Amino acid sequence: MVLRCREVDEEVLWALSLLRSGFQRLCVWDEEKEITLLSPREAVYCESVDERIFIYTNASVFQTALSLAELEGRYGDLGLFRAGKSTVINLHHIRSLKSQPGGRIQATLETGEKLMVSRHYAPLLRERLGL
């Protein structure tokens, strides 16, 4: 792929990083221990349960060796957003948002799952979504 531009500025570098990250794959496995290379975009949300990280897609549940911080750090440009101590949500799979008491936000995902964004991360979510 060739990208032509007059000058390489921050915006061009950001676009290049998005393109590169779109080709990345997550190494995950299912309950039969079958390994799958998953596109980060397929992750609807990720959750930490009993020191294991689960990745939920529209059709399946997988585990990964990555921490939630690593998932957010590596794939934040693709929409993975830390919503709480034990949850990362893919912003591209949010159907609706509803304010809750205490500064929290309830996110309803395309799958129908309802997850809470903690009051600590709610301002960051509003900022990321331009609200």
Side-chain angles (χ1 to χ4, degrees):
M1 169 178 18
V2 176
L3 179 65
R4 297 184 193 279
C5 59
R6 289 187 177 178
E7 65 181 78
V8 178
D9 58 10
E10 285 184 37
E11 192 172 341
V12 171
L13 291 173
W14 178 78
L16 283 172
S17 72
L18 279 178
L19 288 170
R20 285 188 191 123
S21 63
F23 296 114
Q24 294 179 6
R25 295 285 183 247
L26 273 165
C27 184
V28 297
W29 60 90
D30 59 18
E31 54 188 41
E32 284 86 33
K33 305 293 184 209
E34 182 178 340
I35 294 175
T36 302
L37 296 177
L38 185 73
S39 168
R41 290 185 177 114
E42 294 179 69
V44 176
Y45 72 98
C46 310
E47 181 177 45
S48 174
V49 178
D50 297 331
E51 298 181 21
R52 294 187 297 175
I53 306 301
F54 293 92
I55 297 179
Y56 299 85
T57 66
N58 284 327
S60 301
V61 178
F62 298 99
Q63 285 188 58
T64 184
L66 297 175
S67 69
L68 291 178
E70 289 172 318
L71 288 168
E72 179 189 23
R74 289 184 188 185
Y75 308 112
D77 289 342
L78 295 175
L80 293 188
F81 174 81
R82 189 65 169 258
K85 182 178 174 183
S86 63
T87 312
V88 169
I89 296 175
N90 188 332
L91 298 177
H92 301 290
H93 290 280
I94 294 176
R95 183 186 309 151
S96 65
L97 298 169
K98 183 177 181 182
S99 293
Q100 297 292 307
R104 298 176 304 154
I105 299 172
Q106 179 181 287
T108 303
L109 306 177
E110 293 172 344
T111 59
E113 188 82 25
K114 294 182 181 192
L115 300 175
M116 283 296 185
V117 177
S118 76
R119 64 188 173 104
H120 176 75
Y121 294 102
L124 298 171
L125 177 64
R126 288 184 184 97
E127 181 182 319
R128 285 277 305 265
L129 296 176
L131 301 175

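Everything numeric here is computed off the predicted structure, so don't read it as measured data.
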Taking all non-hydrogen atoms of both residues, which atom of [X] and which atom of [Y] are closest, and how far apart?
X	Y	result
Arg25	Ser39	NH1-CB, 3.3 Å
Pro40	Leu26	CA-CD1, 4.0 Å
Arg126	Ser99	NH2-OG, 4.2 Å
Gly103	Ala122	O-CB, 3.3 Å
Phe81	Arg128	CD1-NH1, 3.9 Å

Do you reckon [X] sits in the same ILVMFWY cluster as [Y], going by side-chain contacts under 4.5 Å, direct or chained?
X	Y	result
Leu115	Val49	yes
Tyr56	Phe62	no
Leu129	Leu124	yes
Val88	Phe54	no
Leu71	Val44	no

Can you tell me how far apart [atom1] ([X]) and [atom2] ([Y]) are? Round to the nearest 0.5 Å.
X	Y	atom1	atom2	answer
Glu72	Leu78	CD	CG	12.5 Å
Glu110	Ser96	CD	OG	11.0 Å
Leu68	Thr87	CG	OG1	7.5 Å
Asp30	Ile35	CG	CD1	9.5 Å
Leu80	Arg74	CG	CZ	12.0 Å
Met116	Gln106	CE	CD	5.0 Å

Is there a donor-acceptor contact under 3.5 Å from the side chain of His93 to the main chain of Thr57? no
Indicate yes or no for a side-chain donor-acceptor contact from Arg82 to the backbone of Lys85 under 3.5 Å, with no hydrogens or angles considered. yes
Around Arg95, counting heavy atoms of other residues, nucleotides and ligands shown, do more than 12 lie under 6.0 Å from its CZ? yes
Show your reasoning for whether side-chain contact (heavy atoms from CB on, under 4.5 Å) applies to Leu97 and Leu131. CA-CA 11 Å; Leu97 298 169; Leu131 301 175; 4.2 Å; yes
For Ser67, all residues meeting side-chain contact (heavy atoms from CB on, under 4.5 Å), sequence neighbours excluded: Ala69, Glu70
Among all residues two or more places apart in sequence or in another chain, which pass the side-chain contact (heavy atoms from CB on, under 4.5 Å) test with Asp50? none
Using a 4.5 Å side-chain heavy-atom cut-off and chaining through intermediate ILVMFWY residues, the residues clustered with Leu37 come out as none
Passing candidate, side-chain contact (heavy atoms from CB on, under 4.5 Å) with Tyr45, options Ile94, Asn90, Leu109: Leu109
Between Ile89 and Leu125, does the side-chain contact (heavy atoms from CB on, under 4.5 Å) criterion hold? Intermediate values first, please. CA-CA 10 Å; Ile89 296 175; Leu125 177 64; over 6 Å; no
